[in-house]
Amino acid sequence: MAKKPRTLKEKMKVLGEKIQRNFMLRSNILLAIILILGFGAAICRVGYVQIFMADELQQKAINQQLKDTTIPAKRGTIYDANGKILATSATVWKVVLAPAYFEDDEERRYVAKELSRILQVDEEEIFEKAKENNYYTEIKRRIESDEREEILLLQDKLSEKSVNINPSVIFMIDDYKRYYPYGDLASSVIGFTGSDDQGLSGVEFQYDEQLTGTPGRIITATNAHGTAMPFQYSQNIDAIHGYNVYLTIDETIQSIVEKYMEQAIEEHQVYNRGVCIIMDVNTGAVKAMASVGGYDLNDPYTLSEETRAEIRKLPEEERYAAESAALEKVWRNKAVSDTYYPGSVFKMFTAAMGVEENLVDESSSFYCPGYYTVTDQTMHCHLRSGHGTQTFRESIKNSCNPAFMQIGEKIGEELFWQYYQAFGFSEKTGIDLPGEAGDIFFSEDGSMLPVNLATASFGQNFAVTPIQMATAVAAIANGGYIVQPHVVSQIVDTEGNVQSTTSTEVKRQAISSETAALIADILEENAVSGSGKNGYVAGYRVAGKTGTSEKKVDSNGDGIDDYIASFCGFAPADNAELVCLVFFDTPTGAAYYGSQVAAPVFAQIMGEVLPYMQIATQYTDEELAELDTIAGSYVGMSVTDAQTAATNDGFTTSVKGSGDMVLAQVPGAGTPIPQGGNVVLYTDEDSAKTQVEVPDLTGYTVYDVNYLCSIYDINISVTGQTDSYLCTATSQSIPAGTMVSPGTLVTVNFTAGGFTD
């Protein structure tokens with residue numbers, strides 16, 4: 001038994017020992033708790049990291065140990081309907097440095113100076129990049145073959161003893177650059193790409209996913225300092241190239257369209273561009289689509305010098321916005337993104353509505369005093385004196401507004417709206433191009449006032465897109481069926497396997513085949529002897545209708561309301577294959593009617609397109625008598641024999657020079673010239689240098705043009721309308737004042753006057 005403390009000192013000692021023991025016990029307990037909590041937290045953290053953060057930490061480790069470089073995929077090629085390349089990605093190269101191979105600044109400076117000279121890149125910029133401690137630093141993308149050859153020579157030079165720099169400091173990787181072989185052809189359809197090869201407009205944008213492909217990769221190991229290791233520690237994953245896209249666009253037809261549209265825009269001083277669409281009426285395949293006044297696809301951000309000059313006149317703070325607006329305008333595809341008042345072209349649909357509902361037929365008659373009054377508004381016919389009493393067929397040929405207002409009254413607002421929808425005007429066509437606009441009608445539900453119905457019956461005060469119009473006219477041509485317009489026919493992979501084909505199924509039937517056949521027959525007669533006769537093409541059965549619509553705006557500031565001049569037709573009229581819409585937005589020259597401006601261009605375009613498409617001709621006896629004949633080859637013959645041969649071929653001859661043998665001839669062998677045309681035979685070198693001036697033939701009748709050409713010793717080939725004294729020359733293939741050889745063939749286009757619709 002322990003001895004109890006007796007003294008105060010002993011008691012204090014016992015108390016101190018007791019306190020010390022309690023403190024030690026508590027300290028041990030606290031330490032144990034801390035250790036348990038600490039180890040427990042550590043164990044939980046390790047478990048959490050291993051279970052929940054394993055993937056994330058593994059990826060971070062990989063990212064620290066590997067460097068991933070993208071290898072661009074080759075963008076797919078865009079072809080026309082016949083396999084001609086319209087857009088392709090040509091091989092270019094990316095110049096890369098491996099700075100870790102440099103030994104000192106002297107080597108870095110030498111390479112920087114040489115690369116700066118070859119690549120036109122700032123020397124100091126290259127020098128700073130050469131100081132980086134890695135094996136992959138980009139210097140310049142998309143160099144051409146001439147720069148590549150200089151880089152290869154530089155690599156060889158680095159290996160020389162006099163230089164003695166590791167040639168591995170420079171290497172090149174394949175890259176791609178978009179290239180458009182035809183420049184501005186079909187620019188609004190094809191579109192262009194941006195700096196990263198992404199599609200920005202047209203087919204390039206619409207089919208960007210299919211064209212783009214999948215980029216490849218270069219995966220390179222890095223050391224503890226994050227520096228790329230040499231190439232024996234890298235792995236390449238090849239890029240998967242994009243799919244190829246085949247268009248329905250035919251480059252030859254597109255070229256024909258743009259040629260004549262550009263000529264007409266200049267001739268008629270068209271302010272706001274022009275549009276032409278040629279489409280297969282049975283499948284909806286677009287053969288040509290031109291928004292003339294486009295841009296060079298290889299240089300899409302450069303405006304014309306004329307436009308830039310206008311922008312420079314503006315205050316500096318306004319120039320950027322003006323340039324952006326100008327670029328947007330030239331990039332814009334008016335054929336699908338703009339709306340316009342259709343004008344009298346729409347009368348074929350009003351006529352079809354009336355026939356389909358048995359409200360009018362060929363026995364119907366209409367009276368036109370030159371105007372028609374609906375409620376309290378009087379609207380005039382283009383012929384202010386009036387057409388008098390006329391049949392249904394004559395009303396279409398005369399393009400008589402009062403007659404069509406009367407037809408519109410018979411149809412009524414409700415039926416008009418139903419057929420407007422059936423022809424596809426109330427909805428977007430769904431064409432495979434970006435930026436398609438919708439129509440602008442009087443109301444969303446089709447409700448109209450009587451005066452709205454009256455103006456709508458002749459195509460005024462509502463707006464549709466050109467592609468909607470072409471699609472609807474195709475239904476008149478093909479028996480009443482609405483087809484799906486499209487510009488892409490197939491998408492094919494790099495192995496030639498078809499990935500997708502565009503469907504050409506019919507969407508619906510808008511009118512019966514009987515109604516469509518009657519309207520087509522009347523439109524054919526209209527193109528021969530009615531308001532559309534300037535759209536007639538010799539040797540072909542053409543059907544069509546002119547249109548002149550008033551825009552009620554003054555876009556070019558000349559104080560005059562703007563007009564749209566248009567013509568839409570199809571051929572052959574009895575078994576149609578192609579529909580062609582031509583319209584010009586704001587012609588500011590002397591003429592602005594569709595019959596004067598658009599119809600002749602339709603005739604010129606179809607006059608070349610129909611033979612190219614090998615559509616059979618159906619000449620009248622009168623046309624056969626005026627057909628051109630192919631000139632024979634008379635070079636190398638004696639003058640006497642050449643004259644005899646040319647006479648037997650149906651030509652007259654003129655002999656130039658004093659030689660006995662024919663050294664040259666104009667027109668050349670194989671050239672089509674009119675029967676009875678003159679072949680000039682040259683017999684010595686001096687005579688072959690003779691030239692004559694082409695006169696201005698515009699404004700003259702066929703008789704006068706023939707007389708002028710005989711005086712100037714040139715041949716003419718006649719196109720267009722020539723069957724009355726009202727027909728005058730409106731254009732010529734060789735400009736007035738041009739010096740040419742005697743006998744040169746000049747094609748002269750004639751149009752008929754007296755029509756103003």
Side-chain angles (χ1 to χ4, degrees), residues 339-423 425-426 439-464 469 472 511 519 522 526 530-531 545-553 561-564 566 593-594 755-757:
T339 59
Y340 76 109
Y341 290 176
S344 293
V345 172
F346 193 84
K347 290 173 180 174
M348 68 174 79
F349 304 108
T350 304
M353 297 176 197
V355 171
E356 186 74 6
E357 292 295 323
N358 297 314
L359 299 171
V360 294
D361 56 33
E362 292 219 65
S363 65
S364 302
S365 64
F366 305 91
Y367 180 71
C368 168
Y371 60 89
Y372 194 72
T373 301
V374 178
T375 58
D376 60 344
Q377 292 199 34
T378 298
M379 287 166 277
H380 293 275
C381 183
H382 65 86
L383 185 64
R384 292 301 181 101
S385 60
H387 292 103
T389 301
Q390 55 197 329
T391 66
F392 173 63
R393 184 177 287 263
E394 289 171 337
S395 298
I396 297 176
K397 291 173 60 179
N398 292 333
S399 196
C400 177
N401 286 352
F404 276 88
M405 285 187 272
Q406 294 169 54
I407 296 172
E409 283 183 345
K410 292 177 181 289
I411 296 168
E413 292 92 340
E414 185 176 345
L415 273 178
F416 189 96
W417 172 243
Q418 290 177 13
Y419 280 100
Y420 182 86
Q421 292 175 293
F423 277 112
F425 291 114
S426 63
D439 71 312
I440 303 174
F441 201 63
F442 300 98
S443 62
E444 291 186 4
D445 62 358
S447 58
M448 295 180 282
L449 298 172
V451 70
N452 298 145
L453 177 61
T455 56
S457 67
F458 58 85
Q460 195 68 30
N461 290 357
F462 69 94
V464 299
M469 177 57 73
I511 54 174
I519 301 302
I522 297 174
N526 182 58
S531 60
K545 184 73 187 73
T546 57
T548 307
S549 53
E550 192 172 1
K551 293 174 63 177
K552 305 291 185 184
V553 295
D561 289 346
D562 293 345
Y563 291 88
I564 296 285
S566 65
Y593 288 106
F755 295 101
T756 56
D757 196 28

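Residue indices begin at 1 and follow the sequence shown. Keep in mind the model is a prediction, meaning the values are calculated, not measured. Side chains are part of it too, since the values below use all heavy atoms of this structure and drop only hydrogens, waters and symmetry mates.
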**OP:** Just jot down the salt bridge (Lys or Arg N to Asp or Glu O under 4.0 Å) partners of Glu357, sequence neighbours excluded, or say none.
**Re:** none
Subject >> Close side-chain approach of Asn461 to Phe442, heavy-atom, < 4.5 Å >> reply: yes
**OP:** Taking all heavy atoms of Val345 and all of Gly547, pick out the closest pair and write down the distance.
**Re:** CG2-N, 3.8 Å
Original post:
Minimum heavy-atom separation for Thr375 to Pro450, with atom names?
Top reply: CG2-CB, 4.2 Å
Original post:
How would you list, by chain and number, every residue that makes a side-chain contact (heavy atoms from CB on, under 4.5 Å) with Ala454, sequence neighbours excluded?
Top reply: Val374, Met379, Met405
Original post:
Under 30°, 30 to 60°, or over 60°: which ring-plane class applies to Phe392 and Phe366, parallel, tilted or perpendicular?
Top reply: tilted
**OP:** Answer whether the closest heavy-atom distance between the side chains of Glu409 and Tyr372 falls below 4.5 Å.
**Re:** yes
Subject >> Any Ile522 side-chain heavy atom under 4.5 Å of Met348 side chain >> reply: no
Original post:
Quick one: side-chain contact (heavy atoms from CB on, under 4.5 Å) partners of Asp439, sequence neighbours excluded?
Top reply: Tyr420, Phe441, Val464, Gln468
Subject >> Tyr341 versus Ser549, closest heavy-atom pair with distance >> reply: O-OG, 2.6 Å
**OP:** Report the distance from atom CG of Asp361 to atom OG of Ser363, rounding to the nearest 0.5 Å.
**Re:** 3.5 Å
**OP:** Report the distance from atom NZ of Lys410 to atom CZ of Phe416, rounding to the nearest 0.5 Å.
**Re:** 16.0 Å
Subject >> His387 and its side chain to side chain contact (heavy atoms under 4.5 Å, CB included) partner, picked from Pro369, Ser395, Cys400 >> reply: Cys400
**OP:** Rounded to the nearest 0.5 Å, what's the gap from CD on Glu362 to CZ on Arg393? Could you check?
**Re:** 4.0 Å
Original post:
Any side-chain heavy atom of Tyr340 within less than 4.5 Å of one from Met469?
Top reply: yes
**OP:** For residues Tyr367 and Gln406, report the shortest heavy-atom separation together with the two atoms involved.
**Re:** O-NE2, 3.1 Å
Subject >> Between Glu413 and Trp417, a side-chain donor and acceptor under 3.5 Å >> reply: no
**OP:** Taking all non-hydrogen atoms of both residues into account, name the closest pair between Gly408 and Leu453 and its distance.
**Re:** O-CD2, 3.3 Å
Original post:
Do you know which two heavy atoms are closest between Asn401 and His380, and how far apart they sit?
Top reply: ND2-O, 3.6 Å
Original post:
In terms of ring plane angle, is the pair Phe462 and Phe346 parallel, tilted or perpendicular, where the classes change at 30° and 60°?
Top reply: perpendicular
Subject >> Inter-residue atom distance Lys347.NZ - Ile396.CD1, 0.5 Å rounding >> reply: 10.0 Å
Original post:
How about Asn398 and Ser531: does a side-chain donor come under 3.5 Å of a side-chain acceptor?
Top reply: no
